[in-house]
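In what follows, residues are counted from 1 in the order of the sequence shown. For ligands, and for the atoms within them, numbers begin at 1 and follow the listed sequence. For the numbers below, each heavy atom of this structure counts, side chains included, while hydrogens, waters and symmetry mates do not.
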Amino acid sequence: MSLEPTLQNIRGTFDILPYDGRGEGVHEAPSRAWQHVEQVIRTVLERFNFREIRTPILEPTELIARGVGQLTDIVTKEMFAFQRGDTHYVLRPEVTAPVMRAYLQHRLDQQGSVQKLYYIGPCFRAENPQKGRYRQFHQFGVELIGTGTPEADAEVIAAMMAVYEAFGLRNLRLRINTLGDAESRPRYREALLAYLRPLADQLSPTSRQRLASNPLRILDTKDERERRLLEGAPRLIDFVNEKGRAHYEAVKVHLEAMGIAYEEDPYLVRGLDYYTHTTFELESPDLGAQRALAGGGRYDLLAVDLGHATPVPAVGFAAGMERLFIALQAQGYRFPEEPPLDAYLVSLGEAALHWALVQAQVLRKAGLRVDLDLKGRSMKAQMREANRQRARYAVIVGERELEQGRAVVRDMQSGQQQEVTLAELADFLQGAVRAV
Ligand code: AMP
């Protein structure tokens, strides 16, 4: 039987299969590699005592509009949003605003004045799909809520770096900057506008739009010509007040003491509105155009944007899983192999198939990985299947073996066969598998 493809998945999304895939709509890494990468991330973040939070994929549109910022690309252009009845829904484009919503909603401060939370899960943005940029992608990240100290910023950056270090990724570039606080940002904004307005006709259409909406974002431009224009622009750091500078200096001292190499980048502003003070971004040279592996910063004002009366100090990072995969594959990372099946039960005849079905349960309860033929195939086809599944042992049972209460156990590597009584089969296989 040969299958004919009918409907396809949506462009910019992909299936994660149990197999290596290079086809359209299939992520290159198999599900096994995803499980491994997720497990490493969890292990590292839990070592820092971050604990998992899972928030819904669906959120009220208002949360994202207010949290991420009305004038950001995400909200103006990239939201998958819809309405049913009076409710406006959005597929979450990021997880920081949802986590802050949950923190406020459930008064998590009462569970401990510092909350260390991490997440892993899908996010959605209606972007132009390309390598490293998808419409459904996966983020992991942390949010450290309840403290405004520079130590918290350093802890979050250290946790982010520890994840990539655990994978042995090399040549990463960490850039940091400070945006100052709510008092210094508007003053800088005015100075930047005064510098850029006379140059407006030399700016790209996007940047010209940002002049009106979010001029700091212009600093983020990748356009070389615009970058040169910006060389003479006022520098953010000159507008940051003493408190802001002291905070930034302390973060740098901590990073240095922890042996975390960084570069300062006065133009690093990041795309989301809620950042204050420290911002940072991690890049890999292996990612091509979409260089950012992860980014983050301090966002003390997010709670206020969401309607809370006072700021709630918080800092976090968000990282792309797919970009991590691209970097891992580029650097030749060896993902663990699928563990082999311990046993494949080969049965001949109806009674033997029934026995195999029941016996598989016994062996699985004993902790073995076991599969069996569920199709009534020929002996030859079943042995081929045992091979294809890389089973360590084939357990062969026909009517005669059943009658005699024995099975033929074949070591698939050496080809050696021996008879084992059915009563002893679980013990035998367990011992044999453990001995390997
Ligand atoms: P952001 O929430 O925009 O700061 O993104 C954080 C990280 O998520 C980025 O550094 C990327 O690694 C990843 N990311 C963001 N948008 C996408 C996307 N459309 N496709 C794949 N990864 C993304």
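Considering backbone and side-chain atoms alike, Gly320 places an N or O below 3.5 Å from some N or O of ligand 1. Every N/O-N/O distance between Ala318 and ligand 1 stays at or above 3.5 Å. Polar contact check, Glu322 against ligand 1: no nitrogen or oxygen pair lies under 3.5 Å apart.
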>> If you apply the rule ring-ring contact (aromatic ring centres under 6.0 Å, His included), what do you find for Phe140 with Tyr118, and how did you get there?
In response: CA-CA 7 Å; Phe140 67 93; Tyr118 80 86; 9.2 Å; no
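Asn9 and Thr13 share a donor-acceptor pair across their side chains, judged by distance under 3.5 Å alone.
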Which donor-acceptor pairs under 3.5 Å do side chains of residues 312-340 form with protein atoms, sequence neighbours excluded?
residue : atom : partner : partner atom : Å
Glu322  : OE1  : His138  : N            : 3.1
Glu322  : OE2  : His138  : N            : 3.2
Glu322  : OE2  : His138  : ND1          : 2.7
Arg323  : NE   : Gly132  : O            : 2.7
Arg323  : NH1  : Ala292  : O            : 2.9
Arg323  : NH2  : Gly132  : O            : 2.9
Gln331  : OE1  : Arg170  : N            : 2.9
Gln331  : NE2  : Arg170  : O            : 3.0
Gln331  : NE2  : Asp286  : OD2          : 2.8
Tyr333  : OH   : His36   : NE2          : 2.7

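At a 4.0 Å heavy-atom cut-off, ligand 1 touches Ala294 through the backbone alone. At a heavy-atom cutoff of 4.0 Å, ligand 1 is contacted by the side chain of Phe137 but not by its backbone. Contact annotation for Ile74 and ligand 1: no heavy atom of the residue comes within less than 4.0 Å of the ligand.
Between Gln139, Gln136, Arg135, it is Gln139 that holds the heavy atom closest to atom 7 (C) of ligand 1. Evaluated by nearest non-hydrogen atom to atom 19 (N) of ligand 1, the leading choice among Arg125, Glu94, Glu127 is Glu127.
Considering only heavy atoms from C-beta on, Asp373 stays 4.5 Å or farther from Glu385 through its side chain.
Here Glu263 does not pair with Arg175 in a salt bridge; the nearest charged N to carboxylate O distance is not below 4.0 Å.
Side-chain rings of Tyr344 and Tyr393 stay apart, their centers remaining 6.0 Å or farther from each other.
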